[in-house]
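Presented below is the structure to which this report refers.
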Amino acid sequence: MSRLEVWFDGDCPLCRREIALMRRLDRRGAIVFTDVATGEGACPIDRAELLARFHAREDGRMVSGAEAFAAMWRVIPLLAPLGQMARNRVVLAGLERLYVMFLKVRPRLQRAFGPRGPVGA
């Protein structure tokens with residue numbers, strides 16, 4: 001079984017929800033999750049860089065953005081087909097474009113989905 005290391009921003013409400021879902025789906029325990037915001041755990045690269053983009057280490061190689069999500073999907077049986085599709089460079093390039101677009105709206109989404117949930121909830 002392949003093991004994967006994932007670094008995420010635990011101060012981001014969207015990230016916490018995403019990681020909570022991935023933890024539930026990772027029934028085999030194939031992913032080691034590290035919350036970069038806590039300052040605990042080893043950081044293989046600059047902490048600010050880890051907080052700016054989603055990162056993972058797959059087979060000893062650091063990947064980020066859409067490629068990191070695809071690596072995470074590949075170790076979760078339910079999502080593995082999506083992760084395998086992302087091995088195609090055209091698919092991965094499309095996913096990366098979507099990820100970069102998400103990063104631009106992420107601050108607004110973080111405010112909307114803060115600790116108390118969606119605005120007006």
Side-chain angles (χ1 to χ4, degrees):
M1 173 173 70
S2 184
R3 299 239 343 133
L4 183 78
E5 294 176 75
V6 166
W7 291 267
F8 70 98
D9 181 356
D11 285 342
C12 167
L14 298 171
C15 301
R16 282 194 311 270
R17 288 181 175 129
E18 172 78 16
I19 295 305
L21 174 62
M22 293 300 114
R23 282 184 167 135
R24 285 192 302 273
L25 294 174
D26 181 27
R27 295 182 181 178
R28 299 180 305 155
I31 305 171
V32 175
F33 296 97
T34 300
D35 180 352
V36 179
T38 64
E40 297 175 11
C43 288
I45 59 176
D46 180 65
R47 190 173 301 280
E49 190 177 337
L50 285 172
L51 289 168
R53 285 177 59 92
F54 187 68
H55 285 78
R57 185 179 352 232
E58 181 180 36
D59 299 326
R61 187 172 72 91
M62 287 296 293
V63 293
S64 71
E67 191 172 4
F69 277 99
M72 186 169 58
W73 299 338
R74 281 191 284 275
V75 299
I76 297 173
L78 180 67
L79 301 175
L82 294 173
Q84 292 302 331
M85 284 176 30
R87 288 195 187 276
N88 177 293
R89 65 182 174 174
V90 174
V91 172
L92 184 58
L95 290 170
E96 182 63 22
R97 280 192 296 279
L98 290 172
Y99 181 71
V100 169
M101 288 172 30
F102 162 77
L103 288 178
K104 290 177 183 175
V105 298
R106 178 182 170 201
R108 284 181 286 183
L109 292 172
Q110 286 175 315
R111 285 189 299 275
F113 290 91
R116 291 176 297 278
V119 174

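Quantities reported herein were computed from a predicted structural model and do not represent experimental measurements.
Contact check for Tyr99 versus Leu103: side-chain heavy atoms found under the 4.5 Å cut-off. A heavy-atom distance below 4.5 Å is not found between the side chains of Glu5 and Thr34. With contacts defined as side-chain heavy-atom distances shorter than 4.5 Å, the pair Ile31/Val6 qualifies. Two residues are said to be in side-chain contact when any heavy atoms from C-beta on lie closer than 4.5 Å; Met101 and Leu98 meet this criterion.
Atom CZ of Arg47 is separated from atom CG of Asp9 by 11.0 Å, given to the nearest 0.5 angstrom. Within the model, atoms CE of Met72 and CD of Glu58 stand 11.5 Å from one another, a figure rounded to the nearest 0.5 Å.
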Any chance you could lay out the side chain to side chain contact (heavy atoms under 4.5 Å, CB included) test for Glu18 and Leu14, step after step, and finish with the verdict? CA-CA 6 Å; Glu18 172 78 16; Leu14 298 171; over 6 Å; no

Please walk me through it: do Leu4 and Trp73 pass side chain to side chain contact (heavy atoms under 4.5 Å, CB included)? CA-CA 10 Å; Leu4 183 78; Trp73 299 338; over 6 Å; no

As a quick check of understanding, evaluate salt bridge (Lys or Arg N to Asp or Glu O under 4.0 Å) for Glu67 and Arg61, giving each step before the final call. CA-CA 11 Å; Glu67 191 172 4; Arg61 187 172 72 91; 2.6 Å; yes

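Nearest heavy-atom pair across Lys104 and Arg108 is O-NH2, 4.2 Å. What you find for Asp11 and Pro13 is that their closest heavy atoms are O-CD, 3.5 Å. Here the closest non-hydrogen pair linking Leu51 and Arg106 is O-NH1, 3.5 Å. Here the closest heavy-atom approach between residue Arg57 and residue Pro44 is recorded as NH2-CB, 3.8 Å.
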In a table with atom names and distances, give each donor-acceptor pair under 3.5 Å that connects a side chain of residues 75-86 to protein atoms at least two apart or in another chain.
residue: Gln84; atom: OE1; partner: Arg87; partner atom: NE; Å: 3.1

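Hydrophobic clustering (side-chain heavy atoms under 4.5 Å, transitive across Ile, Leu, Val, Met, Phe, Trp, Tyr) keeps Phe54 apart from Val32. Cluster annotation: Val90 is not connected to Val63 through the hydrophobic network of ILVMFWY side chains, with a link wherever side-chain heavy atoms come within less than 4.5 Å. Placement of Met22 and Phe102 within a single hydrophobic cluster is found when ILVMFWY residues are connected by side-chain heavy-atom separations under 4.5 Å, directly or transitively.
Note on ring orientation: taking the six-membered ring where Trp is involved, the planes of Phe8 and Phe33 are perpendicular (angle over 60°, cut-offs 30° and 60°).
Side chain of Asp35 to backbone of Gly10: a donor-acceptor contact under 3.5 angstrom is found.
Applying the side-chain contact (heavy atoms from CB on, under 4.5 Å) rule to Ile45 yields the partners Glu49, Leu50, His55, Met62; only residues at least two apart in sequence or on another chain are considered.
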